[in-house]
Amino acid sequence: MNHMNIACIGTGFVGVVTAGVFAKLGNQIVGLDIDEAKVASLKLGIVPFYEPGLQELLLETQKSGNLTFTTDYSIAISSADIVMIMVGTPSSADGQADLKYVFAASESLAPHLKEGAIVIIKSTVPPGTNAKVRAIIAGKTNVKFEMASVPEFLKEGTAVEDTLHPDRAVIGVESDRARDILVDLHKPLTSNVVIMRPESAQMCKYAANNYLATRITFINQIADLCEQNGADVQEVIKGIGQDKRIGSHYWYPGLGYGGSCFPKDVKEIAAYAHAVGESESMFIKIDDLNEKRIPKLMARYDQLVGGFAGKTVAILGLSFKKNTNDTRVAPSLQVIPWLIDRGAKVVATDPKAISDIKSLLPDTVTYVDDAYTAISGANVTMLLVEWDEYQHLDLTKMASSMLAPKYFFDTRNQYDPDSVSQAGLQYKGIGR
Ligand code: UDX
């Protein structure tokens with residue numbers, strides 16, 4: 001493979017991981033961000049979020065000289081064979097992706113573009129965005145360039161691993177030349193490269209995330225029906241998962257999906273469907289069900305414990321999922337205010353996210369360093385995120401330090417209901 005000069009625009013989650021991984025493969029990478037403080041800290045190898053393996057990757061690739069960071073577009077772009085746009089796309093008021101940062105980056109990069117450069121959009125954007133970006137760039141340069149779309153499928157918590165070993169690379173291109181260059185670039189990561197037109201590549205990203213969000217919503221609905229008839233959703237998953245068309249992977253029921261992608265991508269595809277005249281989209285309903293999920297389950301828990309007023313609740317897990325300090329659309333952000341509004345006292349813990357969540361929650365929450373301290377003296381324990389630390393708690397120890405009614409709400413179905421009951425706790429999982 002010929003090593004390439006690559007500019008990575010945007011040093012958010014996807015930008016930093018992608019820059020590190022392509023630098024590790026031997027390419028010359030310049031990471032660019034307009035945020036000077038961010039760039040200064042990345043130059044020191046300081047990552048502004050917790051992601052396993054990322055800090056080491058950045059230190060290693062900066063030390064080898066393959067990765068540098070700058071705020072200067074002329075430094076980043078002038079010698080780049082490939083420019084990857086990985087800036088944020090927040091949701092706008094109507095639910096569609098707001099492309100202002102993508103367009104601003106396009107304007108800024110255009111005057112410095114090298115003849116023949118390939119501009120890749122990696123941010124999640126609606127189909128049709130490439131044409132708009134092409135027009136913006138063409139308005140500011142006379143050099144020939146190509147547009148491509150290579151969506152990112154990494155998951156937080158396993159981002160480095162996912163990027164180094166993807167299931168597939170989806171590459172949307174308009175020419176054989178761009179296809180050959182990008183296949184070559186991705187070859188060390190995977191031989192499973194799927195080539196298509198850019199619009200299809202962009203739809204792949206929306207389709208994948210919306211399918212997964214729908215799958216989670218589906219199993220949550222089945223779980224709720226199981227609650228009505230004595231079935232155990234974990235047994236149901238085992239039973240139907242044997243059907244090769246279905247499978248049992250990526251299918252744990254819970255409090256609904258959160259994080260920075262699924263809630264936003266479902267709202268965006270619903271808004272996109274509406275905007276193009278497909279108003280009977282199922283994604284509106286998926287979004288609605290997910291929004292209502294936590295209040296629905298909390299009402300059920302409230303009944304079980306005889307009202308949360310005056311009760312102490314231990315919360316285990318504050319991030320949106322394990323192995324990240326990301327708190328965007330985390331269940332704790334809905335659950336904890338709900339409990340406090342009803343008069344509960346909340347003692348919370350998390351291995352990584354306490355400092356990130358503090359300013360987002362009421363001041364009355366008490367934070368402690370470990371699960372047993374949180375649980376001690378609590379009437380109710382709620383497992384919100386299945387961090388490894390919370391997967392093998394000593395149930396007898398829990399039972400002896402908790403106070404009546406000693407409820408254990410396992411919203412991740414991590415524990416065997418019988419073992420929890422035998423230890424002297426009242427168990428309630430999801431759909432069982
Ligand atoms: C997701 C996609 O998986 C990834 O491909 C895309 O690039 C970005 O969005 P991420 O948000 O990091 O990644 O996390 P993921 O592990 O997919 O979980 C998303 C949400 O769904 C979390 O709230 C998680 O708890 C929930 N989830 C996931 C479930 O409730 N049940 C499941 O079976 C899986």
Side-chain angles (χ1 to χ4, degrees), residues 12-18 21 49-52 54 86 88-89 91 97 122-125 150-163 165-170 201-202 204-224 233-234 236-238 240-241 246-269 286-287 289-291 293-294 297 316-335 350 353 383-387 390 410-414 429-431:
F13 200 88
V14 172
V16 172
V17 174
T18 307
V21 165
F49 38 79
Y50 172 69
E51 180 62 35
L54 185 55
M86 294 180 279
T89 52
S91 288
K122 260 182 120 56
S123 303
T124 302
V125 293
V150 182
E152 183 49 64
F153 299 102
L154 61 79
K155 300 183 289 305
E156 292 187 27
T158 52
V160 174
E161 204 42 37
D162 289 349
T163 310
H165 307 288
D167 297 337
R168 78 307 201 183
V170 169
Q202 283 158 345
C204 278
K205 173 69 190 216
Y206 277 119
N209 276 2
N210 277 276
Y211 170 72
L212 294 170
T214 303
R215 186 173 162 99
I216 294 165
T217 307
F218 172 84
I219 206 63
N220 285 338
Q221 295 259 291
I222 296 292
D224 287 358
V233 72
Q234 296 304 140
V236 175
I237 289 174
K238 246 190 229 160
I240 56 174
I246 300 175
S248 54
H249 53 279
Y250 199 82
W251 232 10
Y252 49 91
L255 296 181
Y257 55 79
S260 64
C261 290
F262 288 174
K264 180 173 166 291
D265 289 355
V266 175
K267 285 181 204 302
E268 276 177 20
I269 200 136
I286 299 291
D287 179 46
L289 289 168
N290 199 60
E291 289 279 337
R293 180 129 190 96
I294 290 180
L297 286 170
L316 310 184
L318 298 167
S319 54
F320 91 89
K321 65 171 193 179
K322 73 172 191 173
N323 293 336
T324 178
N325 65 331
D326 195 340
T327 59
R328 285 175 285 180
V329 197
S332 61
L333 291 174
Q334 268 194 79
V335 166
D350 187 284
L383 174 63
L384 295 188
V385 184
E386 73 285 21
W387 284 91
Y390 310 148
D410 174 10
T411 74
R412 287 316 219 178
N413 285 356
Q414 292 295 306
I430 301 276

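Values in this document were obtained by computation on a predicted structure and should not be read as measured data. Starting from 1, each residue takes its place in the sequence as its number. Counting convention: from 1, in listed order, for ligands and their atoms alike.
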Who's the nearest protein heavy-atom neighbour of atom 2 (C) of ligand 1, and how far?
-> F262 CE2, 3.5 Å
Spell out, as yes or no, whether a donor-acceptor pair under 3.5 Å connects the side chain of N220 to the backbone of L255.
-> no
Please name the residue in the list T324, D162, T163 that meets the side chain to side chain donor-acceptor pair (under 3.5 Å) test with K155.
-> D162
Using a strict cut-off of less than 4.0 Å between a Lys/Arg side-chain nitrogen and an Asp/Glu carboxylate oxygen, indicate whether E268 and K205 qualify as a salt bridge.
-> no
Check whether any side-chain N or O of K322 sits under 3.5 Å from a backbone N or O of V385 as a donor-acceptor pair, and report yes or no.
-> no
Just jot down the ligand 1 atoms closer than 4.0 angstrom to any heavy atom of C261, in number order.
-> 8 (C), 9 (O)
Counting heavy atoms only, which part of R215 comes closer than 4.0 Å to ligand 1: side chain, backbone, both or neither?
-> neither
Can you find an N or O of F153 that's nearer than 3.5 Å to an N or O of ligand 1?
-> yes
Would you say R412 touches ligand 1, if touching means a heavy atom closer than 4.0 Å?
-> yes
Geometric N/O contact Y250 with ligand 1, under 3.5 angstrom | yes
Which ligand 1 atoms are under 4.0 Å away from a heavy-atom of W251?
-> 33 (O)
Backbone or side chain, does any N or O of G259 fall under 3.5 Å from an N or O of ligand 1?
-> no
Examine the proximity of ligand 1 to E386 and report which part, side chain or backbone, both or neither, has a heavy atom under 4.0 Å away.
-> neither
Do any nitrogen or oxygen atoms of E156 lie less than 3.5 angstrom from nitrogen or oxygen atoms of ligand 1?
-> yes
Using heavy-atom distances, let me know which of P253, S319, P151, G258 sits nearest atom 23 (O) of ligand 1.
-> G258
